[in-house]
Number of protein chains: 2
Amino acid sequence: MIEHGVLNNQLSVLRAKKGYSQKDVAEKIGVSRQTIVSIEKNKYNPSLKLAFELAYLFEVEVEEVFQYILKEEL
Amino acid sequence: MIEHGVLNNQLSVLRAKKGYSQKDVAEKIGVSRQTIVSIEKNKYNPSLKLAFELAYLFEVEVEEVFQYILKEEL
DNA sequence: ACATTATGTAAAAAATATATTACATTCAGT
DNA sequence: ACTGAATGTAATATATTTTTTACATAATGT
């Protein structure tokens, strides 16, 4: 895939606001804690559904959880 | 994963507006045409990066390409 | 000092997205 | 009637995400 940008996310910030631990988020979404850790550290590229579920949990838009930083902006 | 919604998308509409074929989109994004077909038919759950690349191509927000329809709304 | 919770890391297995190839069908243009 | 472009479907192979399990460390409360 041609990649015009790189993924970034605000997961730890959003977690802190709500006072959720990684484990809390994992359980609320129904994935493993490892998945949350990996996403939080930008280790990989989650599925769109997972992104929407995270946005739903934190009651924000997908773009507030994940940012696609265009390479030309770096 | 707990799924509060189902994915829907406007790919064929956006393609039509721009006059792009599936092949065009596949080539512009750098994925196979099969991937575009499968996403368009809601056969699966693309990666977030791919969703962002599609939004970038069509010059719209991710939410204009993909909608997460909450099950309570169905 | 001890127990508990939160976080970070890692490796292997399982699940799923994506690639590749091939073929069928429909439709527009000639 | 023919050709080429666009779309739909399917099977297998490959790549990547996600799970599972386990262990290490730091921080907090008792």
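The sequence lines fix the lettering, A, B, ..., with proteins before strands; numbering per chain opens at 1. Just so you know, these numbers come straight off a predicted model, no measurement behind them.
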* In one Ile/Leu/Val/Met/Phe/Trp/Tyr side-chain cluster, 4.5 Å: A:I2, A:L48 -> no
List the atom of [X], the atom of [Y], and the distance in Å for their closest heavy-atom pair.
{"X": "A:E3", "Y": "B:K49", "result": "OE1-NZ, 3.1 Å"}
{"X": "A:V65", "Y": "A:A55", "result": "CG2-CA, 3.9 Å"}
{"X": "A:E63", "Y": "B:V62", "result": "OE2-N, 3.4 Å"}
{"X": "A:Q22", "Y": "A:V37", "result": "OE1-CG2, 3.4 Å"}

Given atom [atom1] of [X] and atom [atom2] of [N], what is their separation to the nearest angstrom?
{"X": "A:E27", "N": "C:dA6", "atom1": "CD", "atom2": "C1'", "result": "13 Å"}
{"X": "B:L50", "N": "D:dT17", "atom1": "CG", "atom2": "P", "result": "12 Å"}
{"X": "B:K49", "N": "D:dT16", "atom1": "NZ", "atom2": "P", "result": "10 Å"}
{"X": "B:D24", "N": "D:dA5", "atom1": "CG", "atom2": "C1'", "result": "11 Å"}
{"X": "B:N42", "N": "D:dG8", "atom1": "CG", "atom2": "C1'", "result": "15 Å"}
{"X": "B:E40", "N": "C:dA17", "atom1": "CD", "atom2": "C1'", "result": "17 Å"}
{"X": "B:I36", "N": "C:dT20", "atom1": "CD1", "atom2": "P", "result": "13 Å"}
{"X": "A:N45", "N": "C:dT16", "atom1": "CG", "atom2": "C1'", "result": "13 Å"}

* Does A:N8 reach the side chain of A:F66, with side-chain heavy atoms less than 4.5 Å apart? -> no
* May I ask you to test the B:F58-B:L11 pair for a side-chain heavy-atom distance under 4.5 Å? =>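 B:F58 vs B:L11: side chains touch.
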Please list, for nucleotides 9-14 of chain C, all pairs of protein and nucleotide N/O atoms separated by less than 3.5 Å.
from   : atom 1 : to    : atom 2 : distance (Å)
C:dT9  : O4     : A:Q34 : NE2    : 2.8
C:dA10 : N6     : A:Q34 : NE2    : 2.9

* To do: Sequence neighbours left out, what passes side chain to side chain contact (heavy atoms under 4.5 Å, CB included) with B:E72? Give chain and number order.
  => A:Y56, B:L70
* Asked: Hey, can you pull the residues of residues 3-22 of chain B with a non-hydrogen atom under 4.0 angstrom from DNA chain C?
  ->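 Contacting residues: none.
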* Asked: Counting only non-hydrogen atoms, which of residues 54-64 of chain A are less than 4.0 Å from DNA chain C?
  -> none
* Could you encode protein contacts along nucleotides 25-30 of chain C as a string, one character per nucleotide from 5' to 3', using B for base contact, S for sugar-phosphate-only contact and - for no contact, with a heavy-atom cut-off of under 4.0 Å? => ------
* What orientation do B:Y68 and A:F52 show, parallel under 30°, tilted 30 to 60°, or perpendicular over 60°? -> parallel
* Asked: Should the heavy atoms of other residues, nucleotides or ligands under 6.0 Å from NZ of B:K18 be counted, would the total exceed 12?
  -> yes
* B:S47 vs B:K23, nearer the 5' end of DNA chain D by closest nucleotide -> B:K23
* Could you go step by step and tell me if B:E64 and B:Q10 meet the side-chain contact (heavy atoms from CB on, under 4.5 Å) rule? -> CA-CA 7 Å; B:E64 286 187 62; B:Q10 302 303 130; over 6 Å; no
* To do: Would you check, one step at a time, whether the test side-chain hydrogen bond (donor to acceptor under 3.5 Å, both in side chains) holds for A:T35 with A:S32?
  => CA-CA 5 Å; A:T35 296; A:S32 68; 3.0 Å; yes
* Which part of the nucleic acid, if any, lies within contact of B:S38, taking any heavy atom under 4.0 Å across all strands shown: a base, the sugar-phosphate backbone alone, or nothing? ->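 Counting heavy atoms under 4.0 Å across all strands, no contact is made by B:S38.
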* How would you label the contact of B:S32 with the nucleic acid (heavy atoms, under 4.0 Å): base, sugar-phosphate, or nothing? -> base
* What do the steps show when you test B:L54 against B:V25 for side-chain contact (heavy atoms from CB on, under 4.5 Å), and what is the final call? -> CA-CA 8 Å; B:L54 285 164; B:V25 173; 3.9 Å; yes
* salt bridge (charged side-chain N to carboxylate O under 4.0 Å, His left out) contacts touching residues 35-47 of chain A (sequence neighbours left out) ->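 Output for this query lists A:R15-A:E40.
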